[in-house]
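Every chain is numbered from 1, with letters handed out A, B, ... down the list of sequences. No experiment lies behind these values; they were computed from the predicted model shown.
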Amino acid sequence: MIYWDIFLANFVANLLGYGGGPATIPLLEYEVVDRYGWFSTQEFSEMVALGNGLPGPIATKLAAYIGYDQGGILGAFIGVFASVAPSLLLMIALLGVLMKYKQSPRVKRLTKIVRPTIAVLLGVMTYDFFFHSYENAGLGHTIILGVGAFLCLERWRISPVYVVAGALVYGAIFLA
Amino acid sequence: MKRNNKQQYNLDQKNLFLAFFRASMLGYGGGLSAIPLMKKEVVDTYKWMDDEEFSDILALSNTLPGPINTKMSGYIGFRLCGFLGLVNAVIATVLPTAILMILLLTVLNAYKDSPLVQGMANGVLPVAGVMIGVLAWDFFQKSRAGMGWLPTIIYTIISLFVMELLGIHPALLIAGLIGIALFSNADFRKERQVKDK
């Protein structure tokens with residue numbers, strides 16, 4: 001049942017994504033690309049890039065599109081619900097307990113201990129994206145776009161909207 | 001804030017929606033960039049809660065997994081205006097950008113077979129690589145700052161080994177790590193020894 005799968009994929013990725021929305025991206029990729037095979041790596045990279053070019057939280061944007069693509073409007077709703085509701089309800093239900101253990105070293109250690117794993121997942125995903133780019137567009141274009149995007153985003157702090165738009169134009173002209 | 005002061009603070013569902021809508025629509029680059037904007041709306045503009053309360057809610061959101069942004073807006077909405085406020089604030093945060101995302105990608109997908117769109121998709125691939133690569137580096141740096149080089153490297157190697165070589169589902173690995181974090185005493189003993197010295 002597709003709706004149940006949409007729910008499960010988003011539920012698992014968000015419930016284990018310690019470190020906010022970005023941490024859920026590689027987990028979500030694992031679910032929808034590797035496990036369910038709904039998207040190719042290339043398609044997922046488009047979602048990530050365009051998602052970053054739009055405002056708002058990234059995990060729910062991905063959830064909405066994945067759900068919509070697989071199950072229409074209802075699928076989009078289920079995807080967003082699965083990514084938002086469990087941890088939000090947990091927060092409201094456990095408020096008293098959480099307040100008490102907010103400073104607990106065990107709870108702080110939770111986020112810490114998961115970070116290297118998320119870093120590895122993100123690192124592998126980075127490699128996948130560049131490798132696919134190398135296969136599709138060749139080494140030269142991959143380096144130009146990669147270095148250019150890095151400088152624009154990290155050095156000159158240009159908004160991702162313009163960087164993504166620029167890459168789309170570059171692709172339309174040089175890679176079509 | 002006292003409940004009977006609602007009018008004085010312009011606290012109704014419309015303003016609640018607007019506050020979270022603005023914070024979300026102006027926050028580029030994932031949920032985290034929207035948090036200062038959310039604070040500006042909730043604490044500075046509308047004065048629905050003070051700085052300390054907001055920081056408390058942020059700290060709480062960080063102790064749980066999943067997107068920070070929606071947890072915060074949902075919880076603040078709930079605290080200020082009950083269950084309806086929760087639904088309202090989450091919708092304001094999520095819906096507008098979700099619709100934009102679906103529209104944009106659906107249009108792009110409709111022309112999937114056109115070489116022009118394929119070229120565009122290829123152009124965007126390395127950009128996505130840079131974005132994710134920066135995030136990976138970020139998590140690595142935070143990890144190093146949080147627990148030092150050696151544990152970071154050890155956990156990184158374990159993660160690589162378990163997920164890439166053994167092909168074990170990341171969910172299982174993370175669930176295992178959560179178990180270790182909650183139930184192991186190892187680090188505490190070490191910390192105590194350090195303190196004793």
Contact class of [X] relative to chain A, heavy atoms under 4.5 angstrom:
X	answer
B/E164	side chain
B/S114	neither
B/L108	side chain
B/I102	both
B/I157	neither
B/L64	both
B/V134	side chain

Please classify the contact between [X] and chain B as side chain, backbone, both or neither, with a heavy-atom cut-off of under 4.5 Å.
X	result
A/V80	side chain
A/L27	side chain
A/A59	side chain
A/D128	neither
A/A76	side chain
A/L153	side chain
A/I113	both

Would you find more than 12 non-hydrogen atoms of other residues, nucleotides or ligands less than 6.0 Å from [X] atom [atom1]?
X	atom1	result
A/Y134	OH	no
A/F77	CZ	no
B/F21	CZ	no
A/Y68	OH	no
A/Y30	OH	yes
A/F150	CZ	no

[X] vs [Y] side-chain heavy atoms within contact, under 4.5 Å:
X	Y	value
B/R144	A/R115	no
A/L88	B/L86	yes
B/P67	A/N14	yes
A/F130	B/P126	yes
B/L125	A/T142	no
A/T60	B/M101	no
B/M120	A/E46	no
B/K71	A/V84	no

Any donor-acceptor pair under 3.5 Å from B/T97 side chain to A/G56 backbone:
no
Can you check whether B/A181's main-chain N or O pairs, donor with acceptor, with A/R109's side chain at less than 3.5 Å?
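Checking the backbone N and O of B/A181 against the side chain of A/R109, a donor-acceptor pair under 3.5 Å is found.
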Determine the sole option in B/V127, B/V124, B/V130 for which the side chain to side chain contact (heavy atoms under 4.5 Å, CB included) test with A/V163 is passed.
B/V127
So, applying side chain to side chain contact (heavy atoms under 4.5 Å, CB included) with A/P116, which one of B/T156, B/I153, B/I154 is it?
B/T156
Might you work through the side chain to side chain contact (heavy atoms under 4.5 Å, CB included) test for B/S61 and A/M91, ending with a clear yes or no?
CA-CA 7 Å; B/S61 305; A/M91 181 160 160; 3.6 Å; yes
Please name the pair of heavy atoms, one in [X] and one in [Y], separated by the smallest distance, quoted to 0.1 Å.
X	Y	result
B/G129	A/F129	N-CD2, 3.6 Å
B/P65	A/S87	O-CB, 3.3 Å
B/A136	A/T126	CB-OG1, 4.5 Å
A/P55	B/S24	CB-O, 3.5 Å
B/T63	A/Y18	O-CE2, 3.5 Å
A/P57	B/T70	CG-CG2, 4.4 Å

So which residue, [options], ends up with the most heavy-atom pairs under 4.5 Å with chain B?
options	result
A/I92, A/L94, A/L62, A/V48	A/I92
A/K112, A/H132, A/M125	A/K112
A/A137, A/A63, A/A172, A/G21	A/A172
A/T24, A/I143, A/I118	A/I118

Taking 4.0 angstrom as the limit, do B/K112 and A/E43 come out as a salt bridge?
yes
With side chain to side chain contact (heavy atoms under 4.5 Å, CB included) as the test, would you mind laying out the steps for A/T117 and B/V162 before giving the verdict?
CA-CA 10 Å; A/T117 306; B/V162 170; over 6 Å; no
I'd like to know if [Y] and [X] are part of one continuous hydrophobic network [Ile/Leu/Val/Met/Phe/Trp/Tyr, side-chain heavy atoms within less than 4.5 Å].
X	Y	value
B/L16	B/V90	yes
B/L84	B/F17	no
A/L50	B/Y111	yes
B/F139	A/Y127	yes
B/I68	B/I57	yes

Is a side-chain donor-acceptor pair under 3.5 Å present for B/N109 with A/Y65?
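Result is yes, a qualifying pair exists.
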Please tell me whether A/Q42 and B/N122 have a donor and an acceptor in their side chains that are separated by less than 3.5 angstrom.
yes
Would A/I25 and B/M131 satisfy side chain to side chain contact (heavy atoms under 4.5 Å, CB included), going step by step from the backbone distance to the final call?
CA-CA 11 Å; A/I25 298 175; B/M131 287 165 168; over 6 Å; no
Between B/L105, B/V94, B/D138, B/T152, which shows the greatest number of heavy-atom pairs under 4.5 Å with chain A?
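Heavy-atom pair counts peak at B/L105.
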How many angstroms lie between [atom1] in [X] and [atom2] in [Y], if you round to the nearest 0.5 Å?
X	Y	atom1	atom2	result
B/I132	A/E29	CD1	CD	8.0 Å
A/L54	B/I99	CG	CD1	12.0 Å
A/L122	B/W137	CG	CH2	13.5 Å

